[in-house]
J.: 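Please see the structure below; I have some questions.
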Amino acid sequence: MSTPTLSSTPPKRRHRGLLLVLLAPGLLALLATFILPMAWLFRASFSDSVMAAFGGGWTLTHYLAAVTDPFYWRVALNTLTLGVAVSFFAVLLGYPIALFLARTQSRWRGVLTALAVAPLLTSAVVRTYGWMVILGDRGVVNGSLQALSLIDTPLRLSNNSFGATVALVEILMPYAILAMLAGFGRLSTQLEEAAAMLGANRLRVFWRIILPLSLPGILTGALLVFVMAISSFVTPRLMGGGRVFVLGTEVFNEATVTLNWPLAAALSIVLLVLFSSVIVIYQRALRRLEE
Amino acid sequence: MTDSHVIVEHLVKTYPGASAPSVDDVGFSLPRGEMLALLGPSGCGKTTMLRMIAGLVAPSSGSIRLNGREISQIPVHKRNMGMVFQAYALFPHLSVAENIAFGLEMRGVAKAERVEKVKRALDLVKLTGLGDRRITQLSGGQQQRCAIARSLVIEPELLLLDEPLSNLDAKLRDEMRDEIREIQNRTGVTAIFVTHDQDEALSMADRLAVMSAGKLEQIGSPREIFDRPQTDFVASFIGAGNFLTGQTTGRGEAQVEGVGAVRFVGEAAHGSRVRLLVRPHRLALVEAGSGGVNRFAGRVENVVYRGQLMSITVAAQGVRLQADIPTHAGALPERGQQVTLSVAPEDVTLVGAEASPPMDPAI
Amino acid sequence: MKARYLPLAVLLAAAGTAQAQEEINVIGFSGVFADNYQRLVIEPFEAAHPDITVNYQPSRNSAETLALLRRQARNPTIDVALIDVSVAITANEAGLFAALDEASVPNLAHQPDWARINGDRTIAFSQDNLAILYNTETVSEPPTSWNDLADPKYKGRIAARLGDTRGVILLPILTHVAGGDYKESIDPGIEAMNAFAPNVLTWDPAPDCYAVVQSGEVDLSICWNGRSQYLHDTQDGIIGVAAPVEGSIGQTNTINLIEGSQHADAAQTFIDYALGAEAQTAFAEQSFYGPVNTQVELDPEVAQRIYGSPEAQEAQMTLDWPWVAERYARWIQRINREVIAVN
């Protein structure tokens, strides 16, 4: 008796060819815009000449400089600190908003979600300038405080890492909210009702049910914001007053001011390694949580 | 009825912006240890009723008394009721044992005692030894047992179940139906459950409340509901039925168009219009031409074999009657055949009649 | 060929050569510089040399130009590059520029020694002095000395981007003011920077060092003289330029012939004109960039606007650019780490 063929047999040869043809445009685009530039970056980081990826020999001096120079350790530390601070506050401030949006039954839910994410419609540069106006020495905050006679001289809120952090938190918060919203899938009002019926008051429902179940969303949001914060360049540059030395600004300086492309490439690779490690750690934590 | 465990009076719920109340002046009482079924079609308000008793929805007006004490102002987490949700609502991040222990934790029960109680609860629902499993590792039936255990371990005043059998397949449904009943009997907990399935309601409940469009149509024992429907809705919702409309011509007799005189049992004003209900299984095949009351002769239009019985549709004198004939009784009718059906007057129910004492001791 | 056709052939050939149009591509700075250069150097050149067309391609900055030249290295379409001196020296390390031929560029003889760099591969043609800008509305007494920057009355009121060429130029200036020699040590310069560092509001003014003075966000900023003079003229004089008495050093722009250019002859003709006194004078008068050609004589008013007071003009300095180029990255590092990072 003939049995029907199982679906686990590999696709016929012409199907595989067709598959390749359909994937080709995407693959080519990926090659041109991502793989090749990354390969050049990698090559450039080892170059000993100003021609970077287009010539020169091979050397490890740039990596050695990046890894042994205490200034770059400080830069790396600044970067990671900025990343942690920004993701902490972005998640802290974004969590109530995301939670509300996930649980609300209001018919304005879609509109409110769009509003929460609307800042992303404006470029980060424009929003950063907005923060310069708000936090500047003669900005909105200082102006109001002085008008209320609460301070005499303006508070230094911008042109330092405080300003850069505040601006980054606001700029990246919509990403945190979006990520958390997506990650709140396991929450449901029925679970909260069940907990309440079992004797849990609002606080305990939050602490024992809502918070543990929203943890995957929180971690995803934190990771997303962290990665964006440590690779950020525009906001630390504009809000930092030249005082905020993070990997993003250092790479930019090496590439455009001192024109040391190989060093800039090496620093970029270091940044890449840094946040790849963070992603790996995060994956492990998430896997353990979902068990 | 002051010794009733649960008394609900004039309960109303109107949602803001709605044109009509979801629950419209419903009241009932439930003695301790009994199981009440709230039965009705989708949207009849039965779930809203349950949620108001649970405290998840605030009533617009009316009162809910438990042990004589008004509870409608008491917050959810202080009502000491157990609820089994339709989708179980088990906490995915906790194990089976932790789920069951949750209510005990909230009540500050000491760890050793919690462990003991959880173990007994697992035994009660036949999930012994599965305490360490994750919720996702349980089958549908096991999840439900876990949900039941979770609500019972806290020894609640009242057990509420929202469509407990809807999510189960047919075989599991029968199994769980018996089990839930057995657990409820064993623990003696007063229970209210919501269902749209009349078989469930009839077989599990001590008391049945039929609801429609927010109103309580009829409340009574399953037998009363089935045999003596008070309203058209109840009569047509519960069980299959043949309806005959006629005008009374005397005591226990009405003239039905086409069919002629029909004898029934029940009080009705002379000359008034009545609706009569004849259950299909009460119609029997008789010899043509044999004398007697309530004879309906006609041609068999359709025949459906159902194993234990056969449903036949007979066009009899302008009325279409459905009869369920037991299949063990000799020759079975065929389509096109001329037959005569008959029904005893005691089995012709006047819809809306008062509940009468049991008719047939053999039943 | 029959003899009687020979004169006709020669005539035609001569006419043909005379009519052959050559195009050269010049890449240089954008904005006002481009406008001025087009008007004051390119157009007069094209008028004098109708057979050569000059296409000017603006670039955002020297780093971008270098990037473009690196990419084109094997098959260049650019013939002439106007580029910052330090970037030019870097480019020479990669062999991107060709040495100029003294015969093709006779004006080389009129350039000072310091301006002929890397074996005539890079020739300086203008200097834009570092100056102190002040807001004429908020600053009643304009600064006169570099040391005025450290005055406590300017606390939090200075903007200075020093993590680039500006810092590299300021260090020798401040070292000199402190009595030192930049070739020996720039420690005095670092110290002097640290003296006024507490007054600095931002080490990276946004959008640039001119706008922050114009808006009144800061009182002083350290910036380039050429653009400042232009803004002074066009923005109702809100921006004032103070050229300190101790003199200054100019950001030096260079003109370079690309190695492998297809039109090297025409390019050198152009370079020769650009380095000539006529072009240099015209450009200096309009752009307020200091000329380099030694034959140029400036009107006193123009000189004032380029270098400052006669005292400052006397004190004007130049740098040994190849020497500085070697230390460029290191100096910027020192500024970043020893001044900015601690302030």
Side-chain angles (χ1 to χ4, degrees), chain A residues 91 95 98-100 102-112 179-222 282-291, chain B residues 15-17 47 50-51 53-57 74-95 98-109 132-137 143 146-163:
Chain A
V91 166
Y95 183 67
L99 200 59
F100 169 79
R103 293 171 70 243
T104 185
Q105 305 294 334
S106 154
R107 60 200 155 118
W108 298 110
R109 181 182 176 167
V111 175
L112 290 172
M180 285 192 279
L181 263 182
F184 282 172
R186 293 204 291 175
L187 281 180
S188 84
T189 18
Q190 268 212 348
L191 291 176
E192 294 174 40
E193 287 177 346
M197 294 230 55
L198 289 166
N201 59 21
R202 301 291 309 155
L203 184 62
R204 291 177 105 173
V205 170
F206 175 78
W207 190 249
R208 293 297 309 274
I209 307 294
I210 298 181
L211 192 57
L213 287 177
S214 47
L215 217 45
I218 292 176
L219 276 186
T220 307
Y282 161 77
Q283 299 274 48
R284 296 240 175 93
L286 191 64
R287 205 171 299 142
R288 199 160 312 143
L289 259 186
E290 298 211 319
E291 277 166 17
Chain B
Y15 283 106
T47 308
L50 194 74
R51 288 169 69 84
I53 296 170
L56 296 170
V57 168
I74 298 182
V76 183
H77 61 277
K78 292 204 174 116
R79 289 203 184 189
N80 195 27
M81 296 179 188
M83 180 135 168
V84 178
F85 290 82
Q86 186 173 1
Y88 318 133
L90 294 172
F91 306 128
H93 60 297
L94 301 178
S95 70
E98 284 166 346
N99 261 277
I100 297 175
F102 191 81
L104 298 172
E105 255 191 82
M106 294 296 115
R107 284 161 175 74
V109 172
D132 286 330
R133 292 268 176 94
R134 309 302 313 176
I135 302 300
T136 44
Q137 295 172 304
Q143 285 185 18
C146 181
I148 294 171
R150 185 175 68 173
S151 0
L152 287 179
V153 75
I154 54 172
E155 288 161 44
E157 280 281 347
L158 198 56
L159 179 66
L160 305 170
L161 303 112
D162 187 2
E163 309 253 13

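In what follows, chains are A, B, ... by sequence order, proteins preceding strands, each numbered from 1. Keep in mind the model is a prediction, meaning the values are calculated, not measured.
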J.: Indicate yes or no: at least one non-hydrogen side-chain atom of Pro75(B) is less than 4.5 angstrom from one of Asn201(A).
T.: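 Answer no - side chains too far apart.
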J.: Could you pull out the closest heavy-atom pair between His93(B) and Arg208(A), with the gap in Å?
T.: NE2-O, 2.9 Å
J.: Apply side chain to side chain contact (heavy atoms under 4.5 Å, CB included) to the pair Leu198(A) and Phe91(B), showing each step before the final yes or no.
T.: CA-CA 12 Å; Leu198(A) 289 166; Phe91(B) 306 128; 4.0 Å; yes
J.: Taking the side chain as everything from C-beta on, heavy atoms only, tell me whether Phe102(B) gets closer than 4.5 Å to Ile209(A).
T.: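 Sidechains of Ile209(A) and Phe102(B): in contact.
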J.: To the nearest 0.5 Å, what is the distance between CD (Glu193(A)) and NE2 (His77(B))?
T.: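 Those atoms lie 14.5 Å apart.
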J.: Which bit of Arg150(B) comes within less than 4.5 Å of chain A, counting heavy atoms only: side chain, backbone, both or neither?
T.: both
J.: Side chain, backbone, both or neither: which part of Arg202(A) has a non-hydrogen atom closer than 4.5 Å to chain B?
T.: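 Interface part for Arg202(A): neither.
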J.: Answer with side chain, backbone, both or neither: which region of Leu213(A) has an atom nearer than 4.5 Å to a non-hydrogen atom of chain B?
T.: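 When you check distances to chain B, only side chain atoms of Leu213(A) fall under 4.5 Å.
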J.: Heavy-atom distances under 4.5 Å only: say whether Ala87(B) touches chain A with side chain, backbone, both or neither.
T.: both
J.: Which residue pairs satisfy the ring-ring contact (aromatic ring centres under 6.0 Å, His included) criterion with at least one member in residues 183-202 of chain A, sequence neighbours excluded?
T.: Tyr95(A)-Phe184(A)
J.: What part of Leu90(B) is in contact with chain A, defined as an atom under 4.5 angstrom from a non-hydrogen atom: side chain, backbone, both or neither?
T.: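 Backbone only.
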J.: Arg51(B), Gln86(B), Lys78(B): which one forms the most heavy-atom pairs within less than 4.5 Å of chain A?
T.: Arg51(B)
J.: Could you tell me which residues satisfy salt bridge (charged side-chain N to carboxylate O under 4.0 Å, His left out) with Glu163(B), sequence neighbours excluded, listed by chain and number?
T.: none
J.: Can you check side chain to side chain contact (heavy atoms under 4.5 Å, CB included) on Met197(A) and Arg79(B), steps first, answer last?
T.: CA-CA 8 Å; Met197(A) 294 230 55; Arg79(B) 289 203 184 189; 5.7 Å; no
